[in-house]
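A quick write-up on the structure given underneath.
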Amino acid sequence: MDTIQILFYALTVVALFSAIMVLVSKNPVHSVLWLIGVFFAISGHYILLNAQFLAIVNLIVYAGAIMVLFLFVIMLMNLNNQSEPQKHIWIKLAGAIAGGCFLMVLVSLVRQAVDLEHKSVLVGTGDIGLIRNLGKALFSDFVVPFEISSVLFLSAMVGAVVIGKKD
Amino acid sequence: MPIQYYIYLCLALFSIGIIGVLTRRNAIIVFMCIELMLNAVNLLLVAFSKMHHGAAIAVNPASQTGVEGQLFVFFIMVVAAAEVSVGLAIIVMLFRNTHSVDINFLNRLKN
Amino acid sequence: MNAIILSALLGVVMMFSGIIIKEKSALKYIAAAGLLLLLIANLMHTYGIYQVRIDTHGLLDFQKFGLFFNSIVFAATLVYVLLSGKDIENTGLNVAEYFALIFFVLCGVSILSAYNGLLMLFLGIEILSIPLYILTGADKRNMKSNEAALKYFLMGSFSTGIMLMGIALVYGATGSFGMTPPPVNPVTGLYQGSFLEVAGLLLLFVSMAFKVSAAPFHFWTPDVYDGAPSVFTSFMATIVKAAGFIAFIRLFAGHTTILGPTWKIILSFVIIATLLIGNITAVFQQSVKRMLAYSSIAQAGFMLFALYSNNDLTQEGILLYTVAYSLATIGIFAVLIKMKDYTYDGFNGLAKKQPVLAFGATVCLLSLAGIPSTAGFFAKYYMLAATIKEGGAFWLVIVAVLFAAVSAYYYFRVIQAMYFKDGDAETHGPISNGFKYALLLLSALIVLVGIMPSVVLNWLYF
Amino acid sequence: MSKLVYLIPLFPLLGFLINGLGRKSLSKSMVGIIGSGAILASFVVSLLVFFDVKANGATVVTLFNFIQADRLTIPFAFQADQLSALFLLIITGVGFLIHLYSTAYMHEEEGPHFARYFAYLNLFVFSMLLLVLGANYVIMFIGWEGVGLCSYLLIGYWFKNDQYNYAAKKAFVMNRIGDLGFLLALFWLISKLGTVNYSDVFAQVNQLSSFDITAITVLLFVGAMGKSAQIPLYTWLPDAMAGPTPVSALIHAATMVTAGIYMIARSNILYTMAPATQTLVAIVGLVTAVFAATIALKQNDIKKVLAYSTVSQLGYMFLGLGVGAYTGAVFHVMTHAFFKALLFLGAGSVIHAMHHEQDIRNMGGLKKYLPVTHITFLLGCLAIAGIPPFSGFFSKDEILMAAYAKNPLYYFIGLAGALMTAFYMFRLYSITFLGNFRGTHEQEHHLHESPSAMTIPLIILAVLSVIGGFVGIPEVFASNAHSLEHFLAPVFAASTQLKEAHHMEASEEYLFMAGSTTAIILIIVLAVRSYKKYQRTTAENTGIAKVLENKWYIDELYDALVVNPLNAFAGFLKNVVEKSGIDGVVNGVGRLVGYGSRQLRLLQSGQVGSYILVMVMVMVVFVLIWFNDATIMRFFSKIF
Amino acid sequence: MIPVLLILIPLLTGLLSFLIKEEKTVKGWALLTSLVTLVVAVTGCWFYPAAQLTYTTSWLPGLGADFAVGMDGMGKMLCLLTAISFPVVFVATQKNTYKNAGRFYGLMLLTQAGLTGVFLAQDALLFYFFWELALIPVYFLCSIWGGEKRIAVTFKFFVYTFLGSLLMLAGILFVYFHTADQSFAIKSFYQVKLSGAQQGLAFWLFFLAFAIKMPVFPFHTWQPDAYEQSPTAVTMILSGVMVKMGVFALVRWLLPVFPQAASDSAHVIIILSVIGMLYASLIAIRQDDLKRLIAYSSIAHIGLMCAAVFANNKTGMEGVMIQMFNHGVNVIGLWIVADAIEQQLGTRKFSELGGLAQKAPALAILLMVMALANIALPLTNAFIGEFLMFNGLFQYNVWIAAVACISIILAAVYTLNMVQKIFYGNTVPATANATDINQNVQFTLVLLALLVIVLGVYPQPIISLTTDTVHAILK
């Protein structure tokens, strides 16, 4: 078992554990914090995969910006663990079972996929995740979606203003 | 690293996200679980991109295959950011009116 | 490309005009003019007169069919703005922003009618959806509107997650975000695809089914349509849904061979569930608006036939269906918005008080029910014909036909209320003559398309 | 001359139209003249046709093609031959007398109703003439149903009385039951031979299998049963006495009811070739003859007695047809037309005098008040009883002799019926005309002989009843004296050829004649002696007498067996099957949709969590379907 | 051009009628235009060569559907019936007043256009178009101007028939895709080659639509209610002309397209029809409502027509042809009587009527003629049809025909019941002050009575008119 594998397993455990903690935490603030944990673990995975750009962006955008926004909102609303009454246990159970089934079904699907058997992921090496390469592709082949996503931002901006504005 | 490991991990994260959506009542946490699902997808896409990249450079070392996967992740992040801004605005608006973010109270509309 | 750029620009223009122009009622004319411009630009592109050329690196593929669809959507939006512009003004203070968002939606529609690759699909869907979340919640003081917005948003994001997982799995299997499926094994005639791709396509299917509100992924539809301000429901139920179908069909047009016969089982299950839930549940509704929400599910059930059958009739059919369904729904919603009371009883005696409104609504309802000599007939006709032509699913057609008969029940209840029952149907204020003329024009259009569908379809054959 | 045969029905039709349309404007005398004149004109033409036929034989006149569909051609054609000529004379002759009689009898009616009466009567004659003149079965059927209609209209002539209306309806419906048989026979003929023309049918009769012939003849006979009031379809005729008395005389005694005999006589060749049917006809006729006679023994309504007597006499005619004595049957039709019309008109005269009193128990001793009526009625009674040399003797004797030749049992039963006939007729005669008047004082005060318009027909008919028999003097008295047989011979020629000749010894025949005549005279004496001093008793009849008085309870039996169950069944269909059954299913589908709607919309719980839960589960199911697509496909292919 | 005119005149004049406000004007207008249509129909039927009686123009080239109309014998006859019916109905109901008369007459004329279109269409899609178009105005007519329970009843009628026609649409499409040249033209339909199972499937889809329309037992339950609740003018059209659509469609679109399936299913359908005849007749015996009685009687008569169509022989088919016309004439006559009674006395219940013959002799006589036609007495028009139809049925099967014939007895029972209960007996309170019918009603009834008798005595014109159709269908 080399370092990469150890790191992989460690990050995986952290990610899964944090993810589970996101759902079981009663306090929303804790959930947010655990979710940031997940993001960090995932960023670790990115680094493992030599996708440095995404690793950084993930940290900045997700953990930094988005989660802080969440945190703001939660603070703003002053939500604490009392504010969420317990759901019926059977609803939780049904949700867990449904999610579990989903996982089970997809996993068994992957297990049957013959064509994946000898495929492996290039870990540690490979330079496509570097900013230079990504940037080149983004501003040549993917310039149209890049521009179009500005429309998305525009609409999100207008929307946030429309919704958030007091009238 | 076999691709299956990544797939299992991502599916697990994705499913945890789904379970969260199904079991939690707080709209913000539900939304966070959705973000978790997106992150799972992101990781999976990166893993696949590296998988395809690995296969491609075996044939052609200069191949840039796999870039599109990572760029897709980039776009997902973009969209996620936009969505979060709108989503949180909606949640805040609702909170202003009802002083609650419990999705179980959202039942004026039914049948 | 004309349409995408121009609609985004027009969205910006609308944003700024909201700042510059203080006269609210002027905005609707600007929007209408913008739409006209958009329509003309798109037609110019269609007929190759003038177009902005940008190298999309194969991410967008402008075909005649998609361009026609754009034209239809723009024209329908124009009709919508002309009929319901005044009601958009009445929804809230941010009129200019609403129009801007509508233009952004149209930008999304234009992308969806031309996308070539899952990335653009994803972006298109998001550009389509995000403004809608906002429009749904536009009536900020209304709890129902708030609730609808949140529900729509949460479920919409969830389906985005599902879609992304699907895309990821497809990418994992094929190594690309393109939509051309890998070649078929010449010996077996079957695609020897990975399970991953199949699973990915299934998840994509689910998320698209969600967008077009096919059962059992339809649950958001009644609540959202009911809760959203009626003008925007009208927009969502027609133009947006049609765009969803176009995207849906484009996505799966090449993949039916991979999916094979099992695909048809799943699809027929979805079709029947959609028809069943849409039609049957609509029967017992007391609110016309909610009934129309369910009816839109039922109509989606019919449109799904376009997915089931994949032949030359399908394309014509979906275009015609878009025209018929959009015009009729816009019309009936335009009338509905004018009403004070959205229940059936609220319509009692409308024919006496407002004969033009009642007449227009009747034509729209007849069209929705698929009565010959209204556009709705040929829409349904094409769907059924395409399916029969496909062969092997005649029983599905029979089921559809049975449900179409059920649909007459709830559509005609409105007609009954308007014409045969005595009552005091109240409208919001007086109805302007312009609205009446527009409604009559719309009715005439529906009948014209109903008698001569070729006026729409001939575009395909030039 | 025979070419003008279409004039014969035309006159009554014109009479019908003029009287019908002008019923408000025409005066009563005008109506009477038109009504009777039309028939008189027909009678004149009929006479001409009769002599023409006698001289030149039969002719067929085609007016136009009535129906021409596919290979079936039905011409609207008239056939004037010996049989129809004879019937023409009877119909128009007796018809004219009755029209004449009616002008006086119906004089109390208001103008429009008086005209209506004559219009109906003319329409009846028109239909009856169509019936006998038609050159094919369809034209006969037209007349056949037409006379049924007129019978209906005339029985219900006094339409304010619901009882009469029921009687009218009953008559029509029972006739229709018979008509059904007739119609089916027609279809059978058409399907086998493709034609209904008499000439073609009789010419091609050899092409029919014996089963076909039997079926056709039986079905035709069913038609005859209805029209000619044979068991089991006879019950309408006594009820039909609700109509005005001249109508009873014309329709329900002299003409319409003999249509069945005409039909069978017309189709004689078919019947001759179907011995089984012939036996059936004979037995039904015989049973009817005796059965109706028993009922007549105990009736107290003057018209009812005559009605049952008519049924009984018709039975004799069918007996004659059944044993192959076609001429005898037709002969009896003729004589019966004379004496039964006479008796009915006599009864009408009595009723007229008694101010619509029909119960003979309230009469008595009318001899001195109504001399002409009395004499003519007595002659009629003698004729029907079969006393030589009155007409009834010859015709009845001919039938009975033929019956004896076929089967002696027929003869003796028939004779028993004849004795009963003599008894009830003279019971009627005695109670009515002999003894003391038993009616109210007021009635007695008003008793008077009828006007001449009524008595003249009586006298003429009485004369005919007396001498009418001489056209058919039996061979034993004088050879070749049976002029009727010679006249009709061409019509029955084919049957005669097939039939083995049965000739009785002359001495044997004399013996039977003498025996029967003696017996009848004895019965008459008995009847007159026991009833001439008839007094009303309040005591109810018991035992068999009560059964007879109640007509063997046949009406009640029919009600219990057919009418009531049918009504109940119809009610069941209307109230249960239609409402809860078929419509229930239709509405049930609607309700099911409504119920489904109420249940299905509960799915829409308003909870985002449950919505997503369903979505996730369905996704799982989809993937599972994928995994097991082969199994599922097999399952589906099994279902579809 | 004649067929186009026959459709266009009522269509355009109907649309114009909506604009007329004055009741008197619109009545005159409707009558006038319907008379014009009648003149066109008569000249078309007898004075124009066959070549001028068809008209085809391109409609939906992409779909293989043309606007093809044409008249053969049956088409001529039914157009004639339609063209006669409308003026007659207009005259007979001239005295009835309607709210918004302009709309009423407009919808009536649109119905006429639809009906004529159905009878003339030579293209399956066009046929379907008109089939539905005839229904919609009737739906509005019944629901707006009908009786107390009109909305529910009419709606049932509408949904029922709509369901049927949708199934037919599925059937039409099914056949369309099996035609050699992918065309809706009637010729292509006639030449279509289908396997036995395919024929069976499509056959039943078509048949169901027609069976509901006619209606054949057990799909008839909408009918008595609808007839009862509709305004009488509409009921006349419904039962006089509209039910003929079903029979017509059987002959035009069912037998020639699915000969195999038709002969396979004939037994079932004939037995069903015969059961329906007896069933409806028995129910009619127990009816207390004049309109419902006529409705059930109509079901019985239609049952016979349906059975005779499937007997599949020329005699029966000729009978069906002539009976289609005759039943129209007769039943309209009966409805006119029913309307006259209801308008004047305010009731249709037999138990509340009686003795009307004393007060209204003219009505009584005319009703008698109609009643006699209803029971198919010889020398009335219905006899010819029923005689030929029973004949055809007899050739098909002796026993079925014998059982079916029982209905003529039952017909006599219920019809005479009706006559007796309304007209005979003594007057009752409802009829004590009755007067005779007005001029219009009398005029129309006399006209119809004349038709009844003339066609009963000399039916050949109608028979010859339709011979070509019969021969074409039953080669």
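Proteins get letters first, then strands, A, B, ... in listed order; numbering begins at 1 in each. Side chains are part of it too, since the values below use all heavy atoms of this structure and drop only hydrogens, waters and symmetry mates.
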Just verifying a value: how many Å separate [X] [atom1] and [Y] [atom2], rounded to the nearest 0.5 Å?
X      : Y      : atom1 : atom2 : value
A:D141 : C:L119 : CG    : CG    : 11.5 Å
A:S140 : C:H57  : OG    : NE2   : 5.5 Å
A:E147 : C:I4   : CD    : CD1   : 12.5 Å
A:L109 : C:L169 : CG    : CG    : 8.5 Å

Considering all heavy atoms of both residues, which atom of [X] and which atom of [Y] are nearest to each other, and what is their separation?
X      : Y      : answer
C:A199 : A:L106 : CB-CD2, 4.2 Å
A:S155 : C:I130 : OG-CG2, 4.3 Å
A:V151 : C:I127 : CG1-CG2, 4.2 Å

Identify which part of [X] has an atom lying under 4.5 Å from any heavy atom of chain A, answering side chain, backbone, both or neither.
X      : answer
C:L60  : side chain
C:V105 : neither
C:I5   : neither

Side-chain donor-acceptor pairs of residues 126-134 of chain A under 3.5 Å, sequence neighbours excluded:
residue: A:N133; atom: ND2; partner: A:D127; partner atom: O; Å: 2.6

- Query: Hey, are the side chains of A:I148 and C:M120 touching, using non-hydrogen atoms and a 4.5 Å cut-off?
  - Reply: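 SC-SC contact between A:I148 and C:M120 confirmed.
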
- Message: Counting C-beta onward and ignoring hydrogens, is there a side-chain heavy-atom pair between C:M15 and A:V158 closer than 4.5 Å?
- Response: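 Of all side-chain heavy-atom pairs linking A:V158 with C:M15, at least one is under 4.5 Å.
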
- Where on A:F153 is there a heavy atom nearer than 4.5 Å to chain C: the side chain, the backbone, both, or neither?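 Neither; nothing under 4.5 Å.
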
- Message: Determine whether C:L59 and A:F142 satisfy the following criterion, side chain to side chain contact (heavy atoms under 4.5 Å, CB included), listing intermediate values before the conclusion.
- Response: CA-CA 8 Å; C:L59 288 172; A:F142 290 88; 4.2 Å; yes

- Query: Does a sphere of radius 6.0 Å around NZ in A:K119 hold more than 12 heavy atoms from other residues, nucleotides or ligands, not counting ones at 6.0 Å or beyond?
  - Reply: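 More than 12 heavy atoms, drawn from other residues, nucleotides or ligands, come within 6.0 Å of this atom.
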
- Query: What do you reckon, is CZ of A:F8 surrounded by more than 12 foreign heavy atoms closer than 6.0 Å?
  - Reply: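 More than 12 heavy atoms, drawn from other residues, nucleotides or ligands, come within 6.0 Å of this atom.
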
- Message: Using a 3.5 Å distance criterion without hydrogens, assess whether the side chain of C:K140 forms a donor-acceptor pair with backbone atoms of A:K165.
- Response: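 Checked: pair present.
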
- Who among C:Y133, C:F104, C:F103 has the most heavy-atom pairs with chain A under 4.5 Å?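 The answer is C:F104.
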
